[in-house]
Enquirer: 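Take a look at this one; I'll ask things after.
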Amino acid sequence: MEYNFKEIEQKWQQYWRENAIYSVENGGNKPKFYVLDMFPYPSGAGLHVGHPLGYIASDIYSRYKRLQGFNVLHPMGFDAYGLPAEQYAIQTGQHPAITTEKNIARYCEQLSKIGFCYDWNREVRTCEADYYKWTQWAFQQMFNYWYCNHANAARPISELIETFSTEGNAKVSAAAIETPVFTAEEWNSWSEKRQQEVLMNYRIAYLADTKVNWCPKLGCVLANDEVSEGLSVRGGYPVEQRVMRQWSLRVSAYAQRLLDGLEQIDWTDSLKETQKNWIGRSEGTEVQFKVKNSDMEFTIFTTRADTMFGVTFMVLAPESELVAQLTTKEQAEAVEEYLQRTKKRTERERIADRSVTGVFSGSYAVNPFTGDEVPIWISDYVLAGYGTGAIMAVPAHDSRDYAFARHFNLPIVPLIEGCDVSEESYDAKEGIVCNSPQEGAVPYCELNLNGLTVKEAIAATKTYVEKNNLGRIKVNYRLRDAVFSRQRYWGEPFPVYYKDGMPYMIPEECLPLELPQVDKFLPTESGEPPLGHAKRWAWNEKEATLADVSEIDNKNIFPLELCTMPGFAGSSAYFLRYMDNKNSEALVGKSANDYWQNVDLYIGGTEHATGHLIYSRFWNKFLFDLGIICKDEPFQKLINQGMIQGRSNFVYRIVGTNKFVSYNLKNEYETQQIHVDVNIVSNDVLDIERFRNWMPEYKDAEFVLEDGKYICGWAVEKMSKSMFNVVNPDDIVERYGADTLRLYEMFLGPLEQSKPWDTNGIDGVHRFLRRLWAMYENVNEEQPSAAELKTLHKTIKKITFDIEHFSFNTSVSAFMICQNELSQLKCSKRAILEPLTILLAPFAPHIAEELWHRLGNETTVCNAPFPICCEEYLVESSVKYPISFNGKVRFTLEMAANLTKEEVEKEALANEQTQKYLDGKSPRKVIVVPGKIVNIVL
RNA sequence: GCCGCGAUGGUGGAAUCGGUAGACACGAAGGACUUAAAAUCCUUUGGCUAUUGCAGCUGUGCGGGUUCAAGUCCCGCUCGCGGUACCA
């Protein structure tokens, strides 16, 4: 009987669906296991062969865990809100909801063909109201909470109001926007608006004027992780800095917990490292500098407190509030001109052009250690958003300060013994400190750092600063708050209305606030977001309905927020919703969450390292603070699957002709390299007929062949339509079947490694399945031999080990070796084939299910127990020892397996050949590695 | 610049704890079956030397080192990939 994969795969996919084989209950006697894929954004292009790689890996692991008796949650859904659908809508006028729906249907169709064990009853789509209701709800919670530094957790804003009205804000330590101290009397005397304004400084979701990445082309602000090198990640458009009134999430409040949490989770070091860099913890010192001839003071942040005696000037960021205060009349014009000039430059220009620019403010600062007076400059190499937006410049030990000092001819004072600063600064944090002011020097400071190492000097200076009240020890983080507004249509609406210019939350019982229909998706001419086009988009507090915008003037009707939420809003808590996706009372019910806890295994791409994987950790920690969920880290183990690149093929056209020359002859001609569709090339040999029919211009093409064949060149490139190297999984399933696709994707190479897709090798895997299939033709009931049992149990051991180490490529090899050995033994015994079938089920579920039933089983193989390796079958009767002299193997000796180390040594030395090599001498040393090698040292 | 990862045949890759490098697969060459093709099966396949027999040497990006023994550990490079950056 032929291996008819098409029939088999259809049959079992239908069987699984109709009998709900993969639906999962919350609870039961089995231990739980949660396996999650990063849910896809359904783009119009559909899936290519690279997309399912991680899904196949997680599917294998899920099925394996299920066979081992775990209750496995393995869901799938769609990240459906986002820019591409909206861009498409702008171009074509098609509503994003329609295109998104269509794309999801296409994705589902493609995914269903591969035979995944998803519980589709738990599907979530971020654009559906019963899902985004909980995104809106979480946002409202963030609005209603503040971050208390004492509790090191989010606390309800009501507690804060209570504190303000009884004792003011003096004792409150919060992660918040700097707020002047006020008393309870002051608080109680303020208007509601004033109180709301103050509270806004404390909220975790807050509205504030912030410097944002504005992308004019997209008409939208972007978060830091959505911008790379001054260009938008989506579309590659220029991004500029702008101050806008925006919603932000106080992610920075969680910086330390996000850092600490990395210690408890099982992620790769490189990913943890990326997140650590992104969070960017930096321990340093804040020092107060007085302004000469003024009462003013300002604060700078430094990690090099040891360089206080090398400060020769100060620098302010152009955007710093201090600029206006510290600019003198004489310098006003020059400073204004400089500010205008830097303002015009886009982020990209600043990155491209790093030439030194700056202007003197006219003021001087006083070094609090020495009383020394140094000029205050303004330059755009100092960033307003980091530290205090002002620095002390130590040109001898900072390359940027050095370049600045050189350019403007400012003094350079070295502080490390033996360093040479005539050509460049000495930035390294090592060496012995010198040049502290000596006794009697003017100016003088009693702190003497001479002779200390840099590390010791930093510590000594910190102590001095604290003791003398000159500043404080401070930890800074690079991690910024996440800008949360998007001037866009296709996203979650904010559940917010405005009254008296201040935002208020729509009552929870009125959620979800649904996205209204609009005709036009472009931002409005006035610069307002597309929601400005909505005809009915205002809030009536009393009736809780949407009303005509024309009625806004009416007393009880208030306008809504016109922005929508960014892409990461919907993906930050989706893993929680899968646990309990039908729950209309809560994001996730307590019992469901207590049962599933968190994700045991998360598989997805590394491109989310500083976006989704930071935001969802933050979001999760916030919900943890609220007591909604029981784990503060969402993803216990995380694996990044590598990217699958394309493998492009080329033909070589002789310039100016329609003649094509084969790869190895191309150097004899002047040729032009042209991409050719990989689907009409097999093993780099071009199908000439199909090539002629591929495009009209090649209809009459001629060829210069080698050995009667046209050989194509090849290269590894990104998989994309323009390179004609896209391979569609549907085509592979059609030609070879889903099981072959699954095995081959795993066989390509290590899961975490990026590698090119090359259809050429797939025949080998397909052949294996056919050979395996043939072994089940005449199954008999004979007792298995020792050799057969050994092969089986060796394979069980290997497969179990491999799955647990996510080494799926070597498991496929192990199956091939096993099949090969059994076929040599001509083994078709049920006792061997039955466990082998279960072993194969996670990898190739369709053929395993069919073979399982052919062996006479009634139940599904999905519920069979995973076989266990019996070591006793693996015991060898004899062991082949390579005998080496001085590490070099000379011959191999077969010995009984049960010999002790001493006996092996004895037998090896007694051997005739050994004696020949020894040539009468006695060995210096003999090293026996049991089961491995005997090394004789001469 | 800084941080992280990697480099093994014609190709993808294996080698799990320092113990016979190249498993498994593709490709290639030769053979069997066949009128023929497809399919299937068998043999060979890192390089060099030898080949009527055995075998020998060499070999994991480069240069050193540790060790009886190194693809694997240590030091110094080269190249490639990824992340990140006027972060004070």
Side-chain angles (χ1 to χ4, degrees), chain A residues 228-229 268-278 280-282 284-285 300-304 307 315 317 350-351 354 356 379-383 385-394 397-401 403-404 427 476-480 606-607 609-610 640 642-643 647 683-685 714 744 747-750 752-765 767-768 770-771 774 798 801-802 804-805 807 809-817 820 823 880-892 923-938:
Chain A
S228 177
E229 300 187 358
T268 61
D269 288 342
S270 76
L271 190 63
K272 284 186 182 178
E273 196 65 28
T274 303
Q275 290 214 338
K276 278 181 197 164
N277 285 340
W278 189 258
R281 181 187 158 102
S282 156
T285 315
I300 58 94
F301 174 78
T302 182
T303 52
R304 291 295 301 273
T307 60
V315 188
R350 275 184 60 172
I351 290 164
R354 300 238 174 131
V356 177
S379 174
D380 66 359
Y381 84 86
V382 175
L383 304 178
Y386 185 77
T388 59
I391 62 153
M392 61 178 215
V394 186
H397 303 295
D398 182 285
S399 55
R400 297 152 300 177
D401 296 346
F404 195 86
D427 289 18
N476 261 332
Y477 299 90
R478 205 183 69 101
L479 185 72
R480 313 283 173 82
T606 181
E607 67 272 18
T610 55
N640 291 122
M643 277 230 301
R647 187 181 189 275
N683 282 325
D684 293 335
V685 177
W714 64 274
Y744 187 55
F747 186 66
L748 267 180
E752 304 196 58
Q753 189 176 304
S754 283
K755 58 242 160 187
W757 175 267
D758 182 0
T759 308
N760 288 334
I762 201 169
D763 289 305
V765 170
R767 246 171 253 160
F768 155 70
R770 287 226 297 265
R771 280 193 283 249
K798 171 81 176 149
F801 182 91
D802 282 352
E804 263 155 22
H805 292 80
S807 175
N809 54 330
T810 52
S811 353
V812 178
S813 297
F815 279 122
M816 289 177 176
I817 293 165
N820 200 1
S823 113
K880 285 180 180 159
Y881 279 95
I883 309 297
S884 82
F885 293 85
N886 290 343
K888 192 155 191 95
V889 175
R890 293 295 162 175
F891 59 93
T892 306
R924 256 200 307 140
K925 206 181 349 173
V926 178
I927 298 151
V928 177
V929 183
K932 296 253 164 126
I933 194 166
V934 178
N935 188 56
I936 299 164
V937 185
L938 299 175

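A, B, ... follow the sequence lines: proteins, then strands. Residue 1 opens every chain. It should be emphasised that the depicted structure is a prediction, and the values quoted were computed from it without experimental measurement.
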Enquirer: Which of the following nucleotides, B:A88, B:U84, B:G13, is nearest to the side chain of A:K755?
Expert: B:G13
Enquirer: For A:V394, is there any backbone N or O sitting under 3.5 Å from a side-chain donor or acceptor partner on A:D401?
Expert: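 Confirmed, A:D401 side chain pairs with A:V394 backbone.
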Enquirer: Detail all sub-3.5 Å separations between protein N/O atoms and N/O atoms belonging to nucleotides 23-26 of chain B.
Expert:
residue : atom : partner : partner atom : Å
B:C26   : OP1  : A:R767  : NH1          : 2.6

Enquirer: Are any non-hydrogen side-chain atoms of A:V765 and A:M816 less than 4.5 angstrom apart?
Expert: yes
Enquirer: Any side-chain N or O of A:Y477 below 4.0 angstrom from OP1/OP2 of B:C87?
Expert: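 Negative; the distance criterion is not met.
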Enquirer: With a cut-off of 3.5 Å and sequence neighbours excluded, list every side-chain donor-acceptor pair involving residues 924-938 of chain A.
Expert:
residue : atom : partner : partner atom : Å
A:R924  : NE   : A:L938  : O            : 3.4
A:N935  : OD1  : A:S884  : OG           : 2.1
A:N935  : OD1  : A:G887  : N            : 2.8

Enquirer: So, is B:C17 syn or anti if syn means the angle is within 90° of 0?
Expert: syn
Enquirer: In this structure, how many angstroms lie between the P atom of B:A88 and the CZ atom of A:R281, rounded?
Expert: 13 Å
Enquirer: Starting at atom CZ of A:R304, determine the distance to atom P of B:A88, rounded to an integer number of angstrom.
Expert: 11 Å
Enquirer: To the nearest 0.5 angstrom, please state how far the CD atom of A:Q275 sits from the CG atom of A:L479.
Expert: 9.5 Å
Enquirer: Whole-Å distance between B:G83 P and A:N277 CG?
Expert: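 After rounding, the gap between these two atoms is 13 Å.
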Enquirer: Return the value, rounded to whole Å, for the distance between atom CH2 of A:W714 and atom P of B:G27.
Expert: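 That distance rounds to 15 Å.
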Enquirer: Between the base of B:C87 and the side chain of A:R480, is there a donor and acceptor pair under 3.5 angstrom?
Expert: yes
Enquirer: Please produce a list of atom pairs where a protein N or O lies less than 3.5 Å from an N or O of nucleotides 56-59 of chain B.
Expert:
none

Enquirer: For A:D398, report the nucleic acid contact type (base, sugar-phosphate, nothing); a contact means any heavy atom under 4.0 Å.
Expert: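 Here A:D398 touches no strand at all.
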Enquirer: Mind checking ring-ring contact (aromatic ring centres under 6.0 Å, His included) for A:Y744 and listing every partner two or more places apart, or none if nothing turns up?
Expert: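 Listed in chain order: A:W757.
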Enquirer: On a whole-Å scale, what distance lies between the C1' atoms belonging to B:U84 and B:C26?
Expert: 39 Å
Enquirer: What pair of heavy atoms forms the shortest contact from A:N277 to A:R478, and how long is it?
Expert: O-NE, 3.3 Å
Enquirer: Glycosidic conformation of B:G13, syn or anti, with 90° from 0 as the boundary?
Expert: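 Anti, angle beyond 90° from zero.
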Enquirer: Nearest-Å distance, CD (A:Q753) to P (B:G82)?
Expert: 14 Å
Enquirer: Write down the distance separating the P atoms in B:C33 and B:U51, rounded off to the nearest Å.
Expert: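 Looking at atom P only, B:C33 and B:U51 are 31 Å apart.
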Enquirer: Using the C1' atom as the reference point in each nucleotide, state the distance between B:A21 and B:G71 in Å, no decimals.
Expert: 7 Å
Enquirer: Is there a side-chain contact between A:N809 and A:S811 in this structure, where contact means two heavy atoms from C-beta onward sitting under 4.5 Å apart?
Expert: no
Enquirer: Starting at the 5' end of RNA chain B, which residue's closest nucleotide do you reach first, A:G387 or A:I936?
Expert: A:I936
Enquirer: Distances under 3.5 Å only, N/O to N/O: pair up the protein atoms with those of nucleotides 4-9 of chain B.
Expert:
none

Enquirer: Excluding sequence neighbours, so at least two apart, what forms salt bridge (charged side-chain N to carboxylate O under 4.0 Å, His left out) with A:R890?
Expert: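 Checked A:R890 against salt bridge (charged side-chain N to carboxylate O under 4.0 Å, His left out); zero matches.
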Enquirer: Can you tell me how far C1' in B:C62 sits from the matching atom in B:U8, rounded to whole Å?
Expert: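 Looking at atom C1' only, B:C62 and B:U8 are 15 Å apart.
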Enquirer: Taking the P atom of each, how far is B:C24 from B:G46, in whole Å?
Expert: 12 Å
Enquirer: How far apart are the closest heavy atoms of A:T274 and A:A609, and which atoms are they?
Expert: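 Smallest interatomic distance, heavy atoms only, reads CG2-CB, 3.9 Å.
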Enquirer: Looking at every non-hydrogen atom in both residues, tell me the closest pair between A:R304 and A:M392 and how far apart they are.
Expert: O-CE, 3.8 Å
Enquirer: Parallel, tilted or perpendicular, judged at 30° and 60°: which one describes the rings of A:F301 and A:Y386?
Expert: perpendicular
Enquirer: Under the side-chain contact (heavy atoms from CB on, under 4.5 Å) test, which residues partner A:F801, sequence neighbours left out?
Expert: A:H805
Enquirer: Measure the distance from NZ on A:K272 to C1' on B:C3 and round it to the nearest whole Å.
Expert: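 In whole Å, B:C3 C1' lies 16 Å from A:K272 NZ.
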Enquirer: Using a 4.0 Å heavy-atom cut-off across all strands, classify A:R924 as base, sugar-phosphate, or nothing.
Expert: nothing
Enquirer: Indicate yes or no: at least one non-hydrogen side-chain atom of A:D398 is less than 4.5 angstrom from one of A:F404.
Expert: no
Enquirer: Can you tell me if CG on A:N886 sees more than 12 non-hydrogen neighbours from other groups inside 6.0 Å?
Expert: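 Yes, CG of A:N886 has more than 12 neighbouring heavy atoms, counting only those of other groups under 6.0 Å.
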Enquirer: Rounded to whole angstrom units, what separation is found between the CG atom of A:D427 and the P atom of B:C87?
Expert: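 These atoms are roughly 10 Å apart.
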Enquirer: Once salt bridge (charged side-chain N to carboxylate O under 4.0 Å, His left out) is applied, do any residues pair with A:R647, and if so which ones, sequence neighbours excluded?
Expert: A:D684, A:D758
Enquirer: Can you identify which nucleotide, out of B:A85, B:A88, B:C3, has its nearest atom closest to the A:T302 side chain?
Expert: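 So the nucleotide nearest the side chain must be B:A88.
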Enquirer: What does A:P750 touch in the nucleic acid at a heavy-atom separation under 4.0 angstrom: a base, only the sugar-phosphate, or nothing?
Expert: sugar-phosphate
Enquirer: Looking only at non-hydrogen atoms, find the nearest pair between A:S282 and A:T303 and report the distance.
Expert: OG-CG2, 3.3 Å
Enquirer: Please state the C1' separation for the pair B:U43 and B:C48 - nearest whole angstrom.
Expert: 23 Å
Enquirer: Can you give one letter per nucleotide of nucleotides 16-21 of chain B, 5' to 3': B if a protein heavy atom sits under 4.0 Å from the base, S if only from the sugar-phosphate, - if neither?
Expert: B--BB-
Enquirer: Considering only atom C1', compute the distance from B:A28 to B:G18 and round it to an integer number of Å.
Expert: 36 Å
Enquirer: In whole angstrom, give me the gap between the C1' atoms of B:A85 and B:U16.
Expert: 38 Å
Enquirer: Treat a base pair as Watson-Crick or G-U wobble with both distances under 3.5 Å, then lay out RNA chain B in dot-bracket form, 5' to 3', with | for cross-strand pairs.
Expert: (((((((..(((......[....)))((((((.......))))))((((.....))))..(((((..]....))))))))))))....
Enquirer: Excluding sequence neighbours, so at least two apart, what forms salt bridge (charged side-chain N to carboxylate O under 4.0 Å, His left out) with A:K272?
Expert: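 Checked A:K272 against salt bridge (charged side-chain N to carboxylate O under 4.0 Å, His left out); zero matches.
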Enquirer: Over how many whole Å does the gap from A:F301 atom CZ to B:A88 atom C1' extend?
Expert: 8 Å
Enquirer: Holding to side-chain contact (heavy atoms from CB on, under 4.5 Å), I want the full list of residues that pass it with A:N640, two or more places apart in sequence or in another chain.
Expert: A:T268, A:L271, A:T606, A:L638
Enquirer: Got A:Y477 and A:W278 here, is their nearest side-chain heavy-atom distance under 4.5 Å?
Expert: no
